[in-house]
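A short write-up of the structure that comes next.
All of these numbers come straight from a predicted model, not from anything done at the bench.
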2 protein chains.
Amino acid sequence: MEKQTVTIYDVAREASVSMATVSRVVNGNPNVKPATRKKVLEVIDRLDYRPNAVARGLASKKTTTVGVIIPDVTNIYFSSLARGIDDVAMMYKYNIILTNSDENGGKEVQVLNTLMAKQVDGIIFMGNQVTDELREEFRRSKAPVVLAGSVDAQKTQPSVNIDYVAAVAEAVKSLIDHGNRKIAFVSGSMDQAINHDYRLKGYKKALKDAGISYDDKLVFETDYTYKAGQSLEPALAAAGATAAFVGDDELAAGVMNGLTDAGVSVPEDFEVITSNDTKLTELVRPKMSSITQPLYDIGAVAMRLLTKLMNNENVDENTVILPYGLMKRSSTK
Amino acid sequence: MEKQTVTIYDVAREASVSMATVSRVVNGNPNVKPATRKKVLEVIDRLDYRPNAVARGLASKKTTTVGVIIPDVTNIYFSSLARGIDDVAMMYKYNIILTNSDENGGKEVQVLNTLMAKQVDGIIFMGNQVTDELREEFRRSKAPVVLAGSVDAQKTQPSVNIDYVAAVAEAVKSLIDHGNRKIAFVSGSMDQAINHDYRLKGYKKALKDAGISYDDKLVFETDYTYKAGQSLEPALAAAGATAAFVGDDELAAGVMNGLTDAGVSVPEDFEVITSNDTKLTELVRPKMSSITQPLYDIGAVAMRLLTKLMNNENVDENTVILPYGLMKRSSTK
DNA sequence: CTTTGATGTGAAAGCGTTTTCAATCTTGCG
DNA sequence: CGCAAGATTGAAAACGCTTTCACATCAAAG
């Protein structure tokens with residue numbers, strides 16, 4: 001006893017009008033006489049008719065769904081963006097197909113292809129390593145692609161970010177202003193544009209402005225995990241660092257706790273400043289000072305931008321830069 | 001210059017075979033002569049043909065996408081499940097349409113309807129307040145619905161969980177064993193089945209087993225937020241509690257930090273045990289003791305169960321209970 | 001009472017696949 | 001060599017909706 005689906009045709013028959021008319025009332029097309037509309041609406045209600053979005057998608061070539069590629073939902077930084085994305089997507093009647101990529105190039109390409117096969121109307125990409133292959137896929141896509149909280153050195157795609165260079169420079173400067181000379185730069189893979197082309201650049205700029213020479217012994221390239229941060233203490237000590245700029249909150253929490261566990265007190269003996277201002281900064285003790293970013297908004301604005309692109313509205317600025325700030329909590333003096 | 005899409009028909013023409021044959025090779029149907037298959041494959045490659053999943057969905061009545069309703073991606077507990085869901089979904093070639101519900105009944109119903117309109121093949125629901133209306137929608141759905149990490153007192157839907165009653169009872173017992181008599185029960189809304197029908201039941205059981213009488217002054221119904229937990233200290237003190245069982249990790253972190261900030265030392269003066277064993281338990285200091293749950297697996301198993309349901313395979317047990325444990329860290333003696 | 005320019009409505013052609021069902025080939029065998 | 005049983009293929013009908021185009025209707029204008 002498979003449930004019988006009622007189609008637009010059934011409604012048309014019952015209301016003694018054509019499918020076209022039913023389609024019109026369903027889609028809010030104004031060219032329908034009120035009386036007719038009412039009649040159709042009643043039948044729709046009586047039959048509990050629900051339009052089939054797949055058929056609709058095939059006929060109209062619009063699916064009202066967008067693909068979202070995220071490194072890992074489990075990472076609060078990204079899930080915060082995702083939340084912003086989903087909220088405005090819903091606001092504009094879109095749905096989100098969400099897939100985790102682990103920032104794995106091969107997986108990203110594959111996912112991108114299945115998203116395109118599913119005829120998504122647009123794509124939001126998060127991940128900081130836009131390979132040539134990926135770029136090529138973006139280009140081939142008929143659906144617009146916007147990067148959220150993710151940079152591509154070649155700036156070929158629309159994107160929403162903050163000014164990482166300036167933000168990091170400012171954060172590092174604050175550390176310098178507190179008297180630190182040996183400041184560690186702790187972040188993820190240098191293959192990622194955000195680390196290599198932005199954060200590190202900001203770091204170097206701050207050093208240079210203060211007349212401190214750059215020393216790559218102070219640069220720590222690691223995983224974005226709590227554990228990785230936690231086990232960094234010996235290396236940090238060996239390098240003689242007295243402060244650290246960290247590129248991810250979870251990683252920073254690890255660094256800080258590792259330090260604390262080793263008897264180093266933060267911020268007295270060692271200052272830590274992190275990058276993403278997620279909830280985590282408030283959970284740990286001491287609370288972590290951080291660059292602040294409008295996480296939710298980055299996602300929201302990216303999605304909003306995407307809706308414009310999908311509608312072929314013309315947008316004045318393809319790469320939007322949102323404001324950042326610096327929040328002093330207790331992991332810095 | 002809109003990109004021209006190549007269809008199955010183009011491939012058929014170029015390969016001088018019928019659409020049916022192309023369809024067969026694309027779908028790996030074995031009834032195709034090897035030579036033909038090769039020829040078609042070559043054309044597909046040359047034309048860079050990519051099947052349109054929407055058309056496929058319409059024709060086959062299968063979309064290979066499942067809907068996932070999540071209270072909030074930003075909550076690590078749920079995003080951990082989501083990660084498990086997505087991974088096995090991908091393993092079985094499904095995609096996930098993810099939507100945040102904020103556990104808001106109205107939104108849930110609405111979302112459920114749009115998911116059904118999009119013809120998802122199945123649905124995974126997270127959220128602990130299955131209203132009658134929701135239950136009715138589930139019933140009406142032709143797509144199977146499984147609950148993940150979420151209970152419905154009426155047990156009408158397939159689900160994957162741990163034994164909350166036993167787990168909480170054990171957790172509370174451990175607190176009792178440490179000499180506590182006044183143990184607070186801190187959790188979310190009592191409207192949620194998981195709190196009212198499971199956790200509280202476990203809590204009462206433990207008390208009863210120990211001959212301690214139940215006192216509803218010790219039950220704190222609040223939001224699942226860090227802030228809510230943090231501001232609970234005065235109330236906890238007023239009630240004379242010396243320990244607390246908390247239903248959510250973020251909330252627990254708030255409780256603990258609130259206590260600490262008020263000069264109460266954990267675990268010496270006050271013990272805290274939490275429920276979800278997310279990353280957060282390790283981030284805070286002291287690290288939080290917790291009930292352990294196979295978060296990722298709950299999601300993964302739920303998705304696996306769903307695949308079976310979608311395939312009409314018959315499953316022996318509709319409600320699967322995964323093992324839990326107790327992890328002693330530093331927030332308990 | 002005719003003309004005219006909306007305004008409403010319906011017929012039918014897609015949209016790009018899958019899926020019968022029947023037709024056509026091939027084989028193995030006697 | 002002839003034939004039944006498979007093995008391969010193709011024709012065409014769905015799938016459920018949107019959209020174009022033409023036709024019918026109607027109120028206002030002349």
Side-chain angles (χ1 to χ4, degrees), chain A residues 2-41 43-44 47-65 93 114 116-121 142, chain B residues 2-41 43-44 47-65 93 114 116-121 142:
Chain A
E2 186 58 27
K3 281 152 192 158
Q4 190 58 52
T5 65
V6 2
T7 74
I8 198 174
Y9 182 77
D10 298 318
V11 176
R13 181 170 28 71
E14 289 291 309
S16 8
V17 296
S18 71
M19 291 163 47
T21 298
V22 177
S23 175
R24 288 192 187 93
V25 350
V26 168
N27 292 296
N29 182 317
N31 303 334
V32 180
K33 207 188 331 184
T36 311
R37 178 187 308 283
K38 181 155 175 291
K39 183 173 59 176
V40 172
L41 250 16
V43 175
I44 286 181
L47 265 43
D48 191 27
Y49 164 68
R50 323 232 185 146
N52 177 322
V54 173
R56 227 207 276 243
L58 182 58
S60 68
K61 294 174 165 306
K62 295 203 174 311
T63 54
T64 65
T65 106
K93 315 278 190 200
T114 96
M116 286 162 55
K118 295 224 166 163
Q119 313 297 118
V120 295
D121 296 335
K142 60 171 62 168
Chain B
E2 184 60 27
K3 282 151 193 158
Q4 190 57 52
T5 65
V6 2
T7 73
I8 198 174
Y9 182 75
D10 298 318
V11 176
R13 180 169 30 69
E14 289 291 309
S16 11
V17 297
S18 70
M19 292 165 44
T21 298
V22 177
S23 175
R24 288 191 188 95
V25 351
V26 167
N27 292 295
N29 184 316
N31 302 334
V32 180
K33 205 190 327 184
T36 312
R37 177 186 309 282
K38 181 153 176 290
K39 183 174 56 175
V40 173
L41 249 17
V43 175
I44 286 180
L47 266 44
D48 191 27
Y49 164 69
R50 326 235 186 141
N52 178 323
V54 173
R56 228 206 277 242
L58 182 57
S60 68
K61 292 174 166 305
K62 295 202 174 312
T63 54
T64 63
T65 104
K93 314 277 189 201
T114 98
M116 286 162 55
K118 295 226 166 162
Q119 312 297 119
V120 296
D121 296 335
K142 61 171 63 167

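- Using a 4.5 Å cut-off on side-chain heavy atoms (C-beta onward), A:R24 and A:V17 make no contact.
- The CG-P distance, from B:L58 to C:dT17, rounds to 12 Å in whole Å.
- Rounded to whole Å, atom C1' of D:dG16 lies 15 Å from atom CG of B:N52.
- Using a 4.5 Å heavy-atom cutoff, the side chains of B:T7 and B:N52 are not in contact.
- D:dC15 atom P lies 11 Å from atom CG of A:D10, rounded to whole Å.
- As a whole-Å value, the separation of B:Y49 OH from C:dT17 C1' is 7 Å.
- One interatomic measurement links the two molecules: CG of B:N27 to P of C:dT20, which rounds to 13 Å at whole-angstrom precision.
- Distance check, rounded to the nearest 0.5 Å: CZ of B:R56 to CG of A:L58 gives 13.0 Å.
- Between its two ends, the helix from C:dC1-D:dG30 to C:dG30-D:dC1 turns its axis by 50°, counting five pairs per end and rounding to 10 degrees.
- The shortest distance between the side-chain N/O atoms of B:Y9 and the OP1/OP2 oxygens of D:dA12 is not below 4.0 Å.
- Residues passing the salt bridge (Lys or Arg N to Asp or Glu O under 4.0 Å) test with B:K38 are B:E42, sequence neighbours excluded.
- What separates CD1 of B:I44 from C1' of C:dT17 is a distance of 13 Å, to the nearest Å.
- Rounded to the nearest 0.5 angstrom, B:E14 CD and B:Y9 OH are separated by 11.0 Å.
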Might you list the N or O atoms of the protein lying below 3.5 Å from N or O atoms in nucleotides 6-13 of chain C, with each pair's distance?
| from | atom 1 | to | atom 2 | distance (Å) |
| --- | --- | --- | --- | --- |
| C:dT9 | OP1 | A:T36 | OG1 | 2.5 |
| C:dT9 | OP2 | A:K33 | N | 2.9 |
| C:dT9 | OP2 | A:T36 | OG1 | 3.4 |
| C:dG10 | OP2 | A:S18 | N | 2.9 |
| C:dG10 | OP2 | A:S18 | OG | 3.3 |
| C:dG10 | OP2 | A:T21 | OG1 | 2.7 |
| C:dG10 | O6 | A:R24 | NH2 | 2.6 |

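- In this structure, B:T63 and A:V54 have side chains that are in contact, with non-hydrogen atoms separated by less than 4.5 Å.
- The shortest side-chain heavy-atom distance between A:K118 and B:T64 falls under the 4.5 Å cut-off.
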Practice item. Determine, step by step, whether A:S18 and A:T21 satisfy the side-chain contact (heavy atoms from CB on, under 4.5 Å) criterion, reporting the C-alpha distance in whole Å, the side-chain angles of both residues, the deciding distance to 0.1 Å, and the verdict. Key: CA-CA 5 Å; A:S18 71; A:T21 298; 3.4 Å; yes
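- Taking 4.0 angstrom as the limit, A:K61 places none of its side-chain polar atoms (N or O) nearer than this to OP1 or OP2 of D:dT19.
- With the nearest nucleotide of DNA chain D identified for both B:S60 and A:V22, B:S60 has the one nearer the 5' end.
- If you take NZ of B:K62 and C1' of C:dT19, they are 14 Å apart, rounded to a whole angstrom.
- Taking the side chain as every heavy atom from C-beta outward, A:V25 and A:I44 approach each other to under 4.5 Å.
- Out of C:dT18, C:dT17, C:dC15, the shortest distance to the side chain of B:S23 is found at C:dT18.
- Between A:T5 and the phosphate of D:dG16, there is a side-chain N or O to OP1/OP2 separation shorter than 4.0 Å.
- Rounding to whole angstrom units, NZ of residue B:K38 and P of D:dT8 are separated by 17 Å.
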